[in-house]
Each structure stands twice: as C-alpha cells, then as structure tokens.
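A short worksheet on the structure shown next.
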Amino acid sequence: MTNSTSNTLTTGQQLRDGVPTFSEQVRRTGFVVLRKPELAGLIGDADLEELRGAWENLPVDTQVHGVGVYRERRYGRLRVDVDGDTVTLQALPNAVFRQDSIPLWEGKDRVFEPIAEDVLLSPGLRALVGFDARMATAVNGNTSWKVGVHLVRVVARAGSDGLPTPEGRHRDGHTCVGLHLMHRDGVTGGLSTVHPNDGSDIVRTTLLQPLDSMFFDDNMITHEVSPTVAESASGVRDMLQIDFNPMD
C-alpha cells in the first residue's frame, strides 16, 4: 500500500443513515446493535457481494498458533477524516498490530498479511468505514482517525469449535470499534455478550445476516463471543472489524 494522496476518496451525502440516533444510543449505553434493514441503502448489493469476495482469499492467521484457534485474516490501515457528512479515506502502509490491553496479546507485535489497496478503497468498504467513522466522530468528537481494518474468518470444524474471541471477555484497547457480519455458513453459536461498565443489564445477541452489526465505545463496555459450532464437517463466520484511534 502507498501513502499517496492520489488514493484519497471521499463519500458524502450518499451516506443517508441514522448516525445521529445510533450514536446517541452509544453515548448513553456504550454500544448499539444494528440489523441489516437499519443499514439499508448504505451499501448496494453488488458492492456488498464484491466486498464479501475478499474473505475467500485470506491467509491463515499464524499469530493464534498454540491457542486452539483456526482463523484466517488480513489487516489494513487507513487515515480517515470526517467533515460533517463528508468522509475522506487514505490508505496507510501496513504495520504491526498491538493490543497490549489484552493479556493474551500483551507485548506481542502481531504481523498480518495486508489487505490489497483496491479492497481497502473499494466502494463497499468505503461505505462501511465511512459510516463507522461518522459514528466515532459523533460519539467522541475527534475528526481525524487512524483506522485498522480486519478481515477475519473463524473456521469451525467437526470436533473443533471456532473461537471468535480466544481472549475471553475483554476490551479491545481502541477508542471505538465497528463490527459487521459479512457471511455466516454452516455454524451455530457465535453469541455476542456485552457487559456495560456501569453495571446495567448484560445484553446478548447473535449476528445472523450479512450487515448485522455492532458499534461500541471501547471505554464503556467489555465484550465476548461464544464459540461457533460446525453443523457438519465445517463452517465459517466472516467478520469485518474496524477500529478507531485518534491520529497521532
């Protein structure tokens, strides 16, 4: 990937969505669960299908060796600037990924194969990153973001469950995080549990349909996802994870 401003792309008024309403819920409760119909119009069917194809070319995530997980993954980075309804994205060079807030990964420089720049700046990914960036700005107030993009496939096999969160209950260590289900096939389980810091009721939900999503303020909750269980020989759960931190 390059750092050239020629790769800067902007999305604007075409993002007609419920950011004000959804972000207000995040400010109150720390998170919001969004179902596919609530994101209708954000991304076209053709762009979604094109984006989903990127999960068919993921290398094995070697960073989870020895913790009982079979996972495939790619990682990319963006600079994202928000100016009202206009969101500008610029690809950044690949880099190591750190999550020192999680004991399992503390002190580890994790290196993932990069997401191709044409995928990072594809219409479908721009739409979802743009939506999440506007959410993060509405929640936090910051307008310039360093964004991590994760394409993750968790594979469950007969006799070997998939582990979406081998860390257990945790905080990701970012300012805000958007999670979007891209594909789910041949598995049961994958129950997401959200634990608000203020002691309010625990919320449990399962993302089932493409674009079922969750967005949260990482400082207000902890979360975990139950194992996925293969219904036959194997099954997959494909997630797009987008993390937001202020630009340095």
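Note: hydrogens, waters and symmetry copies are ignored here, and every other heavy atom, side chains too, is used.
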Return the set of residues passing salt bridge (charged side-chain N to carboxylate O under 4.0 Å, His left out) with [X] (not counting sequence neighbours), or none when no residue passes.
X: D185; value: none
X: R52; value: E49
X: K146; value: D248
X: R157; value: none

Q) Can you pull the ring pair (Phe, Tyr, Trp, His ring centres under 6.0 Å) pairs that have at least one residue in residues 199-238, sequence neighbours excluded? A) H170-H223, F216-H223

Q: Using distance alone, with no hydrogens and no angle criterion, decide if T205 and R35 have a side-chain donor and acceptor under 3.5 Å apart.
A: yes

Q. Nearest 0.5 Å, what's the OG1-CZ distance between T228 and R237?
A. 7.5 Å

Q. When rounded to the nearest 0.5 angstrom, what distance separates CD in Q241 from CE in M182?
A. 11.0 Å

Q | Side-chain cluster (under 4.5 Å, hydrophobic types only) that M247 belongs to, other residues | A | none

Q. When clusters are formed from ILVMFWY side-chain contacts under 4.5 Å, directly or step by step, what else is grouped with V187?
A. none

Q) Counting heavy atoms not belonging to N197, are there more than 12 under 6.0 Å from its CG? A) yes

Q. Is the number of heavy atoms from other residues, nucleotides or ligands within 6.0 Å of CG (D45) greater than 12?
A. no

By side-chain hydrogen bond (donor to acceptor under 3.5 Å, both in side chains), which residues pair with [X], not counting sequence neighbours?
X: D238; answer: R153
X: D81; answer: R79, S144
X: S234; answer: none

Q) Does F31 have any ring-ring contact (aromatic ring centres under 6.0 Å, His included) partners at least two apart in sequence or in another chain, and if so, which? A) none

Q: Report the residues that fulfil ring-ring contact (aromatic ring centres under 6.0 Å, His included) with F244, sequence neighbours left out, ordered by chain and then residue number.
A: W145

Q. In this structure, which one of L128, L34, D47, L48 forms a side chain to side chain contact (heavy atoms under 4.5 Å, CB included) with L42?
A. L128

Q. Hey, what's the ring geometry for F112 with Y75, parallel, tilted or perpendicular (30° and 60° as the breaks)?
A. perpendicular

Q: Over all heavy atoms of both residues, which pair between P227 and P164 is shortest? Give the atoms and the distance, please.
A: CA-CD, 4.0 Å

Q) What's the verdict on side chain to side chain donor-acceptor pair (under 3.5 Å) for T222 and R169, showing C-alpha distance, side-chain angles and the deciding distance? A) CA-CA 6 Å; T222 55; R169 177 179 171 182; 2.8 Å; yes

